[in-house]
Amino acid sequence: MPKPTLTAKDIVTWYSKNARDLPWRKTIDPYKIWLSEIILQQTTVAQGTSYYLKFISVYPTLTDLASAPIDDVLKNWQGLGYYSRARNLHFSANYIINECNGIFPNNYIDLLKLKGVGAYTAAAISSFSYKENKVVVDGNVIRVISRLYGINEAVDNPKVLKLIKEKAQQLCDTQSPEVFNQAIMEFGALQCKAKNPNCKSCPLQKSCIAYKKNIQDQIPFKAKRIKKTNRYFKYCFFIIDNSKTLIIKRSEKDIWQGLYEFPLLELEALEEEHGFVMPKNIKIRPSEVLTSKIFKHQLTHQTIRAVFYKTYISQADYNLMLKKGVFNNYLLINVENINKYALPRLIDLYLNDLSITLF
DNA sequence: AAGGCGGGGGT
DNA sequence: ACCCCAGCCTT
């Protein structure tokens with residue numbers, strides 16, 4: 001093992017004094033580590049912790065997760081976002097059960113074969129559970145390394161990222177990887193923060209090139225910026241026979257895949273004069289239509305403006321439409337059961353926003 | 001190599 | 001408003 005560098009040692013020493021007490025640090029069970037890492041992808045500790053505790057409680061073993069219906073997994077994931085993580089989690093659980101004899105992959109290369117596990121997560125699991133010497137490179141590590149070495153080129157350039165990974169691995173090589181990996185991420189999260197880094201009390205002050213040049217707040221630099229598109233949704237919240245409603249599972253390669261929503265009409269714009277429009281031009285005159293406010297829902301790449309039309313439909317009218325095949329792919333459920341289905345945050349917000357009762 | 005994928009919180 | 005958060009998959 002190479003001689004510990006002062007820098008790597010400083011980070012680990014800092015960690016020993018400043019580490020938070022996080023639940024996934026109390027185990028080396030690869031299944032639980034895996035759960036925590038998938039949950040925490042692009043997610044803050046504050047947001048992800050309750051989900052981690054829920055998942056290890058509801059699905060204490062790999063078998064529990066693999067044998068659960070995907071709809072249940074998505075329901076438990078509801079509100080956390082990036083739902084492909086939950087779908088891949090469930091898929092990979094079954095992959096391990098069926099293709100790996102239920103034995104959790106125990107090295108970086110095999111971990112990478114799991115759907116939803118990339119370079120970061122494979123390094124995390126292999127180091128935390130098996131002490132494999134693979135450095136984790138997440139947003140925290142990119143920030144720490146790029147500042148430490150004064151790398152002011154775009155970190156979203158693969159060549160620059162590769163350099164950062166090499167620098168990080170060199171530091172990791174001099175320490176116990178399972179400790180160093182936790183330490184450098186914690187250091188990035190608490191000390192070398194994105195905004196207002198705490199340079200005044202930083203143990204790396206003397207070796208940090210960004211600090212020396214006073215350019216901490218310009219590093220890491222990203223060249224790309226996200227562009228947002230506007231989308232306009234009209235949802236039909238049918239109350240059929242004073243008790244039931246229609247929902248449908250989203251299946252397209254689009255947002256919220258696998259989640260349920262009301263019948264949807266998507267428009268180029270929300271033009272108020274259109275008012276209530278039945279999907280697919282259904283000719284029916286509901287006795288009453290309650291129009292919601294416009295819900296503005298902000299996603300990373302999309303701004304959605306949605307209006308909900310709550311309409312009352314008789315059983316006879318519903319039967320008529322059903323006979324015409326209008327609602328072939330929709331699910332007729334009791335309104336009171338709607339919260340048993342995984343719903344996008346937008347739908348959930350609408351349902352909880354109703355100051356009036358559901359009926 | 002680039003684009004798409006949620007939701008919450010900080011500044 | 002914009003950025004960031006224990007990233008990854010698809011095209």
Side-chain angles (χ1 to χ4, degrees), chain A residues 19-20 22-25 33-52 74 77-89 91-92 111-128 134-144 154-162 165 168 178 180-190 192-197 217-229 231 250 252-259 296-304 342-349:
Chain A
R20 288 170 292 183
L22 302 177
W24 44 88
R25 290 189 183 146
I33 300 289
W34 173 54
L35 267 182
S36 74
E37 294 303 338
I38 301 298
I39 286 172
L40 289 168
Q41 285 170 7
Q42 293 294 285
T43 303
T44 56
V45 166
Q47 191 186 5
T49 300
S50 67
Y51 284 85
Y52 171 75
L74 283 168
W77 200 272
Q78 176 179 313
L80 196 55
Y82 284 155
Y83 296 92
S84 64
R85 291 183 293 167
R87 298 194 306 271
N88 289 337
L89 192 70
F91 178 93
S92 292
L111 284 162
L112 264 186
K113 296 173 185 168
L114 301 179
K115 210 177 255 189
V117 172
Y120 162 77
T121 306
I125 301 171
S126 69
S127 64
F128 298 150
K134 282 280 181 183
V135 75
V136 292
V137 181
D138 71 336
N140 291 308
V141 176
I142 290 171
R143 186 168 57 253
V144 171
V155 297
D156 46 5
N157 176 335
K159 285 184 177 177
V160 177
L161 186 59
K162 184 166 178 285
K165 286 187 176 182
E178 76 281 11
F180 177 80
N181 279 344
Q182 290 285 0
I184 190 170
M185 285 195 287
E186 193 80 332
F187 184 77
L190 301 182
C192 195
K193 297 177 293 182
K195 305 283 181 185
N196 304 322
D217 54 350
Q218 300 164 41
I219 295 182
F221 166 73
K222 290 182 182 171
K224 299 170 194 162
R225 56 196 63 175
I226 46 177
K227 56 178 177 185
K228 287 171 190 162
T229 59
R231 296 178 76 174
R250 289 183 67 93
E252 303 303 312
K253 286 183 179 175
D254 194 0
I255 55 171
W256 302 328
Q257 189 183 351
L259 275 60
K296 186 178 172 185
H297 194 64
Q298 188 64 60
L299 305 181
T300 299
H301 298 272
Q302 305 182 12
T303 304
I304 298 170
L343 307 170
R345 189 82 178 105
L346 172 61
I347 305 285
D348 201 41
L349 284 172

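Below, chain A is the first sequence line, B the second, and so on; all start at residue 1.
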> If you pin A:Asn88 and A:Ser36 to their nearest nucleotides in DNA chain C, which one's is more 5'?
Replying inline: A:Ser36
> C:dC4 C1' sits how many Å from A:Gln47 CD, rounded?
Replying inline: 12 Å
> At under 4.0 Å, does any side-chain N or O of A:His297 touch on OP1 or OP2 of B:dG7?
Replying inline: yes
> Between A:Tyr83 and A:Asp156, which is nearer to the 5' end of DNA chain B once each is assigned its nearest nucleotide?
Replying inline: A:Asp156
> Which whole-number value in Å describes the distance from A:Ile38 CD1 to C:dG7 P?
Replying inline: 11 Å
> Does A:Tyr82 put a side-chain nitrogen or oxygen below 4.0 Å from OP1 or OP2 of B:dG4?
Replying inline: no
> Between C:dC8 and A:Thr121, is there an OP1 or OP2 to side-chain N/O distance shorter than 4.0 Å?
Replying inline: yes
>> Could you tell me how far apart A:Lys193 (NZ) and C:dA6 (P) are, to the nearest whole angstrom?
In response: 13 Å
> Does the side chain of A:Trp77 get closer than 4.0 angstrom to OP1 or OP2 of B:dG6 through an N or O atom?
Replying inline: no
>> Taking only side-chain N and O atoms of A:Lys253, does any of them lie within less than 4.0 angstrom of OP1 or OP2 on C:dT11?
In response: yes
>> Just to be sure I understand the rule, does A:Ile226 reach a base, reach only the sugar-phosphate, or reach nothing, if contact means heavy atoms closer than 4.0 Å?
In response: nothing
> For A:Arg20, does the CZ atom have more than 12 heavy-atom neighbours from other residues, nucleotides or ligands under 6.0 Å away?
Replying inline: yes
>> If you only use heavy atoms from C-beta on, which nucleotide in C:dC8, B:dC5, B:dG8 is closest to the side chain of A:Asp254?
In response: B:dC5
> Looking only at atom P, what distance separates B:dG8 and C:dC8, rounded to whole Å?
Replying inline: 22 Å
>> Could you tell me how far C:dA6 sits from B:dG4 if I compare only their P atoms? Round to whole Å.
In response: 24 Å
> Using a cut-off of less than 4.0 Å, is there contact between a side-chain N or O of A:Arg345 and OP1 or OP2 of B:dG8?
Replying inline: yes
>> Rounded to whole Å, please give me the gap between CG in A:Leu343 and P in B:dG7.
In response: 11 Å
> Base, sugar-phosphate, or nothing: which does A:Arg87 touch, judged by heavy atoms less than 4.0 Å apart?
Replying inline: nothing
> Can you tell me if CD on A:Gln298 sees more than 12 non-hydrogen neighbours from other groups inside 6.0 Å?
Replying inline: yes
> Does A:Gln302 put a side-chain nitrogen or oxygen below 4.0 Å from OP1 or OP2 of B:dC5?
Replying inline: yes
>> Heavy atoms only, 4.0 Å cut-off, all strands: where does A:Asn181 land among base, sugar-phosphate and nothing?
In response: nothing
> Starting at the 5' end of DNA chain B, which residue's closest nucleotide do you reach first, A:Asn196 or A:Thr300?
Replying inline: A:Thr300
> According to the interplanar angle, ranging from 0 to 90°, do the rings of A:Tyr52 and A:Trp24 count as parallel (below 30°), tilted (30 to 60°) or perpendicular (above 60°)?
Replying inline: perpendicular
> What integer distance in Å separates A:Lys195:NZ from C:dC5:P?
Replying inline: 10 Å
> Taking the six-membered ring for Trp, is the centroid-to-centroid distance between A:Trp77 and A:Tyr51 below 6.0 Å?
Replying inline: no
>> Roughly how many Å apart are C:dC5 and B:dA1, using the P atom of each and rounding to a whole number?
In response: 23 Å
> Considering only C:dG7, C:dA6, C:dC3, which nucleotide approaches the side chain of A:Asn140 most closely?
Replying inline: C:dA6
> Atom CD1 of A:Ile304 and atom C1' of B:dC5: how far apart are they, to the nearest Å?
Replying inline: 11 Å
> What integer distance in Å separates A:Gln41:CD from B:dG7:C1'?
Replying inline: 15 Å
> From C:dC5, B:dT11, C:dA6, pick the nucleotide closest to the side chain of A:Gln182?
Replying inline: C:dA6
> Are OP1 or OP2 of B:dG3 and a side-chain N or O of A:Lys224 less than 4.0 angstrom apart?
Replying inline: no
> Tell me: NZ of A:Lys134 to P of C:dG7, nearest whole Å?
Replying inline: 18 Å
